Amino acid sequence: MMLNFKPFTLSLRDRTLVLDRPQIMGIVNVTPDSFYSASRTFDVDSLEKKVEQMVSEGVDIFDIGAYSTRPGADDVSPEEELRRLQRGMEVVKRMAPNIPVSIDTFRANVARTCVEEMGADIVNDVSGGTLDADMAATMGQLDVPYILMHMRGTPATMQQFTDYPGGVVADVVADLKAKMEHFREQGCRQVILDPGFGFSKTLEQNYELMNGLVAFHDLNAPLLVGISRKSMIFRLLGTSSAESLEGTTVLNTIAMLAGSHILRVHDVRAAVEARTILEELDKTKA
């Protein structure tokens, strides 16, 4: 079923992560204002419950974020972002020491502190290096995998930049290719690509991207898809983020069929179950 899947291997700080099946990345938001309210885990007690639940459901990677990127979200100082990330890292490292941890930040200095002092394994940057000019050089020095996402502008202005003269798939592929080459020139050897669903795209463009996911394999890098409970689901269906689990599971299944390597999700169990079903279909096909 997963016809386009190509395995990759990532070198983390103290281990190797083999992407020989889709990896389920669980979102841990140490924020009071994330767009999906049920994902907010601002205090230690709620963080512990979330981490325990995700571990029991089979999470492969944690992604800890402390700066909401929804339009209209409050600005967070680097100092406050680091305080929140440290709170999340301490809980995850204590409760799940063997599960890799990604840090969701667009700030190079925050990334450096999280990797060098807190033990983060991966850096996940929604801006693809556009919001901090030091990110590429910093990632070259840190030598950990970097998730390069496509976005134009800032989270506050991104929906003003949805014009893609060559078509959204071709233009996003070209943009990610150029940025990946820039990061590699700076010494960042391990780049994971994220098309940036919901960032600088209209509702229709998000579905064009989903239809065109296989085009990203031409860049010869692992592919991450993050569509969990996003507006491309609930705006289309006339519902809300809280009612978007079924739509998320459908799109995650399509993403896996298109060969995606990492699914970034709020709901680990649903994604793990979808993967299990696809893998069983793979095993039993004639």
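Quick caveat, the model's predicted, so the values are computed rather than measured.
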On a heavy-atom basis, the closest approach of Asn220 and Arg184 is O-NH2, 4.2 Å
Shortest non-hydrogen pair, Lys201 vs Val168, comes out as CG-CG2, 4.2 Å
Would you kindly say whether Ser244 and Ser241 are connected by a side-chain donor-acceptor distance under 3.5 Å?
-> no
In this structure, CD1 of Ile233 is separated from CG of Leu245 (nearest 0.5 Å) by 9.0 Å
Verify the cluster assignment for Ile262 and Met54: are they in a single hydrophobic cluster under the rule of side-chain heavy atoms below 4.5 Å apart?
-> no
Any donor-acceptor N or O pair under 3.5 Å, side chains Glu243, Ser240 = yes
Are the side chain of Thr16 and the backbone of Ser11 linked by a donor-acceptor contact shorter than 3.5 Å?
-> no
What residues, two or more places apart in sequence or in another chain, satisfy salt bridge (Lys or Arg N to Asp or Glu O under 4.0 Å) together with Arg21?
-> Glu279
Specify the closest pair of heavy atoms between Leu219 and Met180, including all atoms of both residues, with the distance to one decimal.
-> O-CE, 3.5 Å
Is the backbone N or O of Ala255 less than 3.5 Å from a side-chain atom of Ser260, with the two atoms forming a donor-acceptor pair by type?
-> yes
Would Val225 and Val268 show up in the same hydrophobic cluster when neighbours are defined by side-chain heavy atoms closer than 4.5 Å?
-> yes
Any salt bridge between Lys49 and Glu52, counting N to O under 4.0 Å?
-> no
Quick one: side-chain contact (heavy atoms from CB on, under 4.5 Å) partners of Glu246, sequence neighbours excluded?
-> none
Take Asp218 and Val173, measure what side-chain contact (heavy atoms from CB on, under 4.5 Å) needs, and give me the verdict at the end.
-> CA-CA 9 Å; Asp218 292 342; Val173 167; 5.9 Å; no
In this structure, OG of Ser231 is separated from CD of Gln159 (nearest 0.5 Å) by 7.5 Å
Do side-chain atoms of Asp143 reach the backbone of Met139 as a donor and acceptor pair under 3.5 angstrom?
-> no
How about Leu12 and Pro145: do any of their side-chain heavy atoms sit closer than 4.5 Å?
-> yes
Looking only at atom types and distance, does a side-chain atom of Asp43 sit under 3.5 Å from a main-chain N or O of Asp45, one as donor and one as acceptor?
-> yes
Using the test side chain to side chain donor-acceptor pair (under 3.5 Å), find all partners of Asp121 that sit at least two apart in sequence or belong to another chain.
-> none
Would you give the length of the straight line joining atom CD1 of Ile254 to atom CG of Leu213, rounded to the nearest 0.5 angstrom?
-> 9.5 Å
With Ser200 via side-chain contact (heavy atoms from CB on, under 4.5 Å) - residues at least two apart = Met151, Arg152, Met158, Tyr164
Mind checking the CD1-CD spacing from Ile277 to Glu280? Nearest 0.5 Å is all I need.
-> 9.5 Å
Evaluate whether atom CZ of Arg13 has more than 12 neighbouring non-hydrogen atoms of other residues, nucleotides or ligands under 6.0 angstrom away.
-> yes
Any Lys/Arg nitrogen of Arg83 or Glu80 sitting under 4.0 Å from an Asp/Glu carboxylate oxygen of the other?
-> yes
Donor-acceptor contact present, side-chain Lys50 to main-chain Glu48, <3.5 Å = no
Donor-acceptor list for residues 122-136 side chains, cut-off 3.5 Å, not counting sequence neighbours:
from   : atom 1 : to     : atom 2 : distance (Å)
Asn124 : ND2    : Asp63  : OD1    : 3.4
Asn124 : ND2    : Asp63  : OD2    : 3.3
Asp125 : OD1    : Ser127 : N      : 2.9
Asp125 : OD1    : Ser127 : OG     : 2.9
Asp125 : OD2    : Ser127 : OG     : 3.4
Asp125 : OD2    : Gly129 : N      : 2.9
Asp125 : OD2    : Tyr146 : OH     : 2.6
Ser127 : OG     : Gly129 : N      : 3.3
Ser127 : OG     : Thr130 : N      : 3.3
Ser127 : OG     : Leu131 : N      : 3.3
Thr130 : OG1    : Ser127 : O      : 2.8
Asp132 : OD1    : Asp134 : N      : 2.9
Asp132 : OD2    : Ala108 : N      : 2.8

Could you state whether Met149 and Ile61 fall into the same hydrophobic cluster, counting links through intermediate Ile, Leu, Val, Met, Phe, Trp or Tyr residues with side-chain heavy atoms under 4.5 angstrom apart?
-> no
For the pair Leu209 and Val169, evaluate side-chain contact (heavy atoms from CB on, under 4.5 Å) and give the outcome as yes or no after the intermediate values.
-> CA-CA 6 Å; Leu209 266 186; Val169 175; 4.3 Å; yes
State yes or no: do Phe197 and Met25 share one hydrophobic cluster built from I, L, V, M, F, W and Y residues joined by side-chain heavy-atom distances below 4.5 Å, directly or via other members?
-> no
Within a reach of under 6.0 Å around NZ of Lys177, are more than 12 heavy atoms found that belong to other residues, nucleotides or ligands?
-> no
Ring pair (Phe, Tyr, Trp, His ring centres under 6.0 Å) partners of residues 7-29, not counting sequence neighbours, each pair once = Phe8-His261
Verify same cluster id: Val110, Val101 (apolar side-chain graph, 4.5 Å) | yes
Measure the CZ-CG distance between Arg107 and Leu82 for me, rounded to the nearest 0.5 Å.
-> 8.5 Å
When rounded to the nearest 0.5 angstrom, what distance separates CZ in Arg264 from CD1 in Ile27?
-> 4.0 Å
Asn252-Thr249 side chain donor-acceptor pair, cut-off 3.5 Å = no
Closest non-hydrogen atom pair between Thr248 and Arg229, with its separation = OG1-N, 2.9 Å
Evaluate the side-chain contact (heavy atoms from CB on, under 4.5 Å) criterion for residues Thr113 and Gln86: first the C-alpha distance (whole Å), next the side-chain angles of each, then the deciding distance (0.1 Å), finally the verdict.
-> CA-CA 10 Å; Thr113 300; Gln86 184 161 20; over 6 Å; no
Considering non-hydrogen atoms only, spot the tightest contact between Thr162 and Gln205 and give its length.
-> O-NE2, 2.7 Å
Electrostatic pair Arg94:Glu90 at N-O distance under 4.0 angstrom = no
Do side-chain atoms of Asp194 reach the backbone of Leu148 as a donor and acceptor pair under 3.5 angstrom?
-> no
Is Arg84 reaching over with its side chain to a backbone N or O of Tyr67, donor-acceptor style, under 3.5 angstrom?
-> no
Heavy-atom nearest pair, Ile103 first then Ala120, reads CG1-CB, 3.4 Å
